[in-house]
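Have a look at the structure below before the remarks.
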Amino acid sequence: MKLNRRHFCKLGVGAATATVLAPYHIALASDGFLEIRAQKAEQSLYPDSPTSTLWTYNGTAPGPEIRVKQGERVKVRFINELEEPSSIHWHGIRIDNAMDGVSGLTQDAIEPGDSFEYDFVAPDAGTYWYHAHNKSWNQVGRGLYGPLIIEEPYLTFDIDHDITLVIDDWRINQNGQFDESSMGMMMDWSHGGRLGNWITVNGKSQQKLELTAGEAYRLRLINVSNARTLELDPNRFDAKVLAFDGQPLPEPIAMPYAPYLLSSAQRVDLLVIPRAGQNFALEEISGESPFPFLTFSVTGEGASSKPIPRLKTNPIPEPDLSNATVHPLLITGGAMGRFDGITYQGKPLERESMMQSKQFWAFNGVANLPEQQFFTAKRGETIVIEMVNDTAWPHAMHVHGHHFRIEEREGSTIDEGRPWKDTFLIGPSQTTKIAFVADNPGKWLLHCHMLEHAAAGMTTWFEVV
Ligand code: C2O
Ligand code: CU
């Protein structure tokens with residue numbers, strides 16, 4: 001399997017800022033609307049370096065953490081103070097289609113100066129996120145994202161033991177500022193997407209977080225990178241997996257994969273019980289030496305008598321494989337790939353048009369959102385999508401409005417087991433079958449969440465009627 005190994009910045013951070021992660025700002029939606037403004041703001045991405053102008057929700061990247069209880073309404077008034085149209089997508093939520101926030105499919109993009117009211121019920125507890133869904137490669141890439149936490153309706157981890165970690169991979173320049181000049185680079189679109197050289201957690205660099213030995217913590221990792229698949233090894237600090245992509249496992253388990261690949265848009269909830277005197281770190285391990293991007297210092301003597309909270313699984317319908325409709329999805333294109341038979345806007349994609357339109361990838365021979373849906377499902381029908389990745393690159397495939405199970409894999413070392421997912425990794429030359437019950441009416445996007453790939457062709461849609 002071929003993933004892009006990282007080359008992170010070595011500007012000499014050393015001991016830099018050993019700030020304790022401040023309690024994360026929580027914006028509780030009551031019966032009123034929570035106002036989320038897309039606006040430019042200055043933020044420092046690298047220790048002791050000048051600020052960068054980011055696009056943010058309410059002045060920071062990530063935007064405010066939205067928390068509601070399972071089954072409650074999320075009510076957000078989105079106000080667009082940017083100079084280009086935008087919309088908000090609620091990633092991983094089995095949502096009312098009209099609220100899915102996909103500009104050009106479920107709604108018109110909200111023009112500068114305009115606003116839109118999102119109002120929906122989140123049926124499943126778990127770790128989700130929200131992000132811009134208009135020119136996502138640009139808007140998410142500049143900071144338009146935030147965590148969306150749907151709390152269990154019963155007692156679990158209290159707020160001091162429930163830690164959201166929004167992880168972003170930035171490409172920064174010599175000054176430690178957002179590298180504006182390489183935005184939209186053809187090379188990124190046709191290869192592995194925009195990969196960065198610096199990692200922030202909750203918008204900050206190289207933080208230190210204090211934990212108490214013996215107490216149980218829930219770490220909610222959210223990878224909001226444009227394209228970076230993070231390689232992690234939570235077994236190094238004896239973490240257990242509570243949930244993938246927001247969906248709790250029946251039992252917490254040791255991470256079965258090493259390295260564990262956390263692709264763009266994926267989430268993992270980890271259960272960590274720190275041991276006395278054993279500091280640890282979240283490290284990206286794809287390079288020659290591990291790159292620690294968040295350090296935990298452990299205080300106290302350990303041994304807590306409190307029971308470890310348990311999470312209940314969400315009510316997602318199990319696919320009925322004996323009664324499924326199978327839809328093949330062939331992925332082609334990309335650097336070192338094949339382009340024969342690819343059309344874009346009804347015309348064959350040739351070298352010249354490719355460079356002009358920046359279309360490099362295709363689903364079933366069509367680059368980018370086709371007028372005709374990939375398939376139509378009857379509500380309640382089990383759908384199997386058989387994806388064949390005939391490209392030289394891994395992809396982070398995301399289905400809107402549904403969670404699915406991976407039923408079968410062939411031809412690669414990537415393995416994610418069979419938990420519920422809303423985004424999964426498919427390796428080069430790999431075939432993967434996913435299955436879900438199409439129980440949510442509307443028009444749903446299916447795309448690669450490596451955002452440059454999505455913009456460069458890896459986007460289609462299906463309809464549930
Ligand atoms: Cu995070 Cu179209 O999705
Ligand atoms: Cu991709």
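Values below: all heavy atoms of this structure, side chains included; hydrogens, waters and symmetry mates excluded.
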With heavy-atom distances below 4.5 Å as the criterion, would you say the side chains of [X] and [Y] are in contact?
{"X": "Pro248", "Y": "Asn314", "value": "yes"}
{"X": "Thr164", "Y": "Arg218", "value": "no"}
{"X": "Leu221", "Y": "Arg267", "value": "no"}
{"X": "Asn197", "Y": "Ile172", "value": "yes"}
{"X": "Val201", "Y": "Phe293", "value": "yes"}
{"X": "Glu231", "Y": "Leu261", "value": "yes"}
{"X": "Met354", "Y": "Phe360", "value": "yes"}
{"X": "Ser136", "Y": "Leu451", "value": "yes"}

Approximate separation, where rounding is to 0.5 Å, of [X] [atom1] and [Y] [atom2]:
{"X": "His453", "Y": "Met397", "atom1": "NE2", "atom2": "CE", "result": "11.0 Å"}
{"X": "Gln247", "Y": "Asp245", "atom1": "CD", "atom2": "CG", "result": "8.0 Å"}
{"X": "Lys347", "Y": "Ser357", "atom1": "NZ", "atom2": "OG", "result": "10.0 Å"}
{"X": "Leu45", "Y": "Ile199", "atom1": "CG", "atom2": "CD1", "result": "13.0 Å"}
{"X": "Ile331", "Y": "His395", "atom1": "CD1", "atom2": "NE2", "result": "5.5 Å"}
{"X": "Asp269", "Y": "Leu219", "atom1": "CG", "atom2": "CG", "result": "8.5 Å"}

Considering the options Phe436, Trp444, Phe424, which one meets the ring-ring contact (aromatic ring centres under 6.0 Å, His included) requirement together with Phe404?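 Of Phe436, Trp444, Phe424, ring-ring contact (aromatic ring centres under 6.0 Å, His included) with Phe404 is met by Phe424 alone.
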Taking all heavy atoms of [X] and all of [Y], pick out the closest pair and write down the distance.
{"X": "Val121", "Y": "Pro123", "answer": "O-CD, 3.3 Å"}
{"X": "Gly380", "Y": "Val437", "answer": "O-CG1, 3.5 Å"}
{"X": "Ala109", "Y": "Pro85", "answer": "CB-CB, 3.5 Å"}
{"X": "Arg228", "Y": "Gly196", "answer": "NH2-O, 3.0 Å"}
{"X": "Val384", "Y": "Ala435", "answer": "CG2-CB, 4.0 Å"}
{"X": "Arg418", "Y": "Ile406", "answer": "CG-O, 3.0 Å"}

Who are the ring-ring contact (aromatic ring centres under 6.0 Å, His included) partners of [X], not counting sequence neighbours?
{"X": "His131", "answer": "His89, His91, Trp129, His133, His449"}
{"X": "Trp90", "answer": "Tyr118, Phe120, Tyr130"}
{"X": "Tyr217", "answer": "His161"}
{"X": "Phe375", "answer": "His327, Phe462"}

[X] (side chain) donor-acceptor with [Y] (main chain) under 3.5 angstrom:
{"X": "Gln356", "Y": "Ser353", "answer": "no"}
{"X": "Thr459", "Y": "Ala454", "answer": "yes"}
{"X": "Thr432", "Y": "Ile426", "answer": "no"}
{"X": "Gln43", "Y": "Thr51", "answer": "no"}
{"X": "Glu117", "Y": "Phe33", "answer": "no"}
{"X": "Tyr257", "Y": "Glu416", "answer": "yes"}
{"X": "His447", "Y": "Ala455", "answer": "no"}
{"X": "Glu152", "Y": "Leu311", "answer": "no"}
{"X": "Asn364", "Y": "Leu330", "answer": "yes"}
{"X": "Asn80", "Y": "Ser115", "answer": "no"}

Answer yes if the side chains of [X] and [Y] hold a donor-acceptor pair under 3.5 Å, and no otherwise.
{"X": "Ser52", "Y": "Glu42", "result": "no"}
{"X": "Thr295", "Y": "Gln207", "result": "no"}
{"X": "Trp198", "Y": "Ser205", "result": "yes"}
{"X": "Thr423", "Y": "Gln266", "result": "no"}
{"X": "Ser286", "Y": "Glu284", "result": "yes"}
{"X": "Thr325", "Y": "Glu381", "result": "yes"}
{"X": "Ser103", "Y": "Asn134", "result": "yes"}

Can you classify the ring geometry of Trp170 versus Tyr145 as parallel (below 30°), tilted (30 to 60°) or perpendicular (above 60°)?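 Ring orientation of Trp170 relative to Tyr145: tilted.
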Any salt bridge linking [X] with [Y]? Criterion: basic side-chain nitrogen under 4.0 Å from a carboxylate oxygen.
{"X": "Asp100", "Y": "Arg94", "answer": "no"}
{"X": "Arg171", "Y": "Asp179", "answer": "no"}
{"X": "Lys208", "Y": "Glu210", "answer": "no"}
{"X": "Arg379", "Y": "Asp439", "answer": "no"}

Taking the six-membered ring for Trp and the full ring for Phe, Tyr or His, determine whether the centres of His400 and Trp461 are under 6.0 Å apart.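 Ring-ring flag for His400/Trp461: false, centres at least 6.0 Å apart.
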Between Glu452 and Asn226, does a side-chain hydrogen bond (donor to acceptor under 3.5 Å, both in side chains) hold up when you go through it step by step? CA-CA 7 Å; Glu452 288 73 24; Asn226 271 34; 2.9 Å; yes
Distance under 6.0 Å and angle within 45° of ring axis: Arg405 vs Trp420: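 Arg405 over Trp420 ring: yes.
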Does Trp55 have Lys135 sitting over its ring (NZ/CZ under 6.0 Å from centre, angle to axis within 45°)?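 That pair does not qualify as a cation-pi contact.
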Contact list for residues 366-377, test side chain to side chain donor-acceptor pair (under 3.5 Å), sequence neighbours left out: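 Listed by first then second residue: Gln359-Asn368, Gln373-Thr376, Gln373-Glu463.
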Derivation of the side-chain hydrogen bond (donor to acceptor under 3.5 Å, both in side chains) call for Ser49 and Gln177: CA-CA 7 Å; Ser49 62; Gln177 287 172 301; over 6 Å; no
Checking Asp108 now: which residues fulfil salt bridge (charged side-chain N to carboxylate O under 4.0 Å, His left out) with it, not counting sequence neighbours?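 Asp108 satisfies salt bridge (charged side-chain N to carboxylate O under 4.0 Å, His left out) with no residue once adjacent residues are dropped.
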Before you tell me yes or no, could you show the steps for Ser182 and Arg194 under side-chain hydrogen bond (donor to acceptor under 3.5 Å, both in side chains), namely the whole-Å CA-CA distance, both residues' side-chain angles and the distance that decides it to 0.1 Å? CA-CA 9 Å; Ser182 64; Arg194 182 179 172 88; 2.9 Å; yes
Take a 6.0 Å sphere around CE of Met186 and say whether it holds more than 12 heavy atoms from other residues, nucleotides or ligands.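 Counting neighbours around CE of Met186, more than 12 heavy atoms of other residues, nucleotides or ligands fall under 6.0 Å, so yes.
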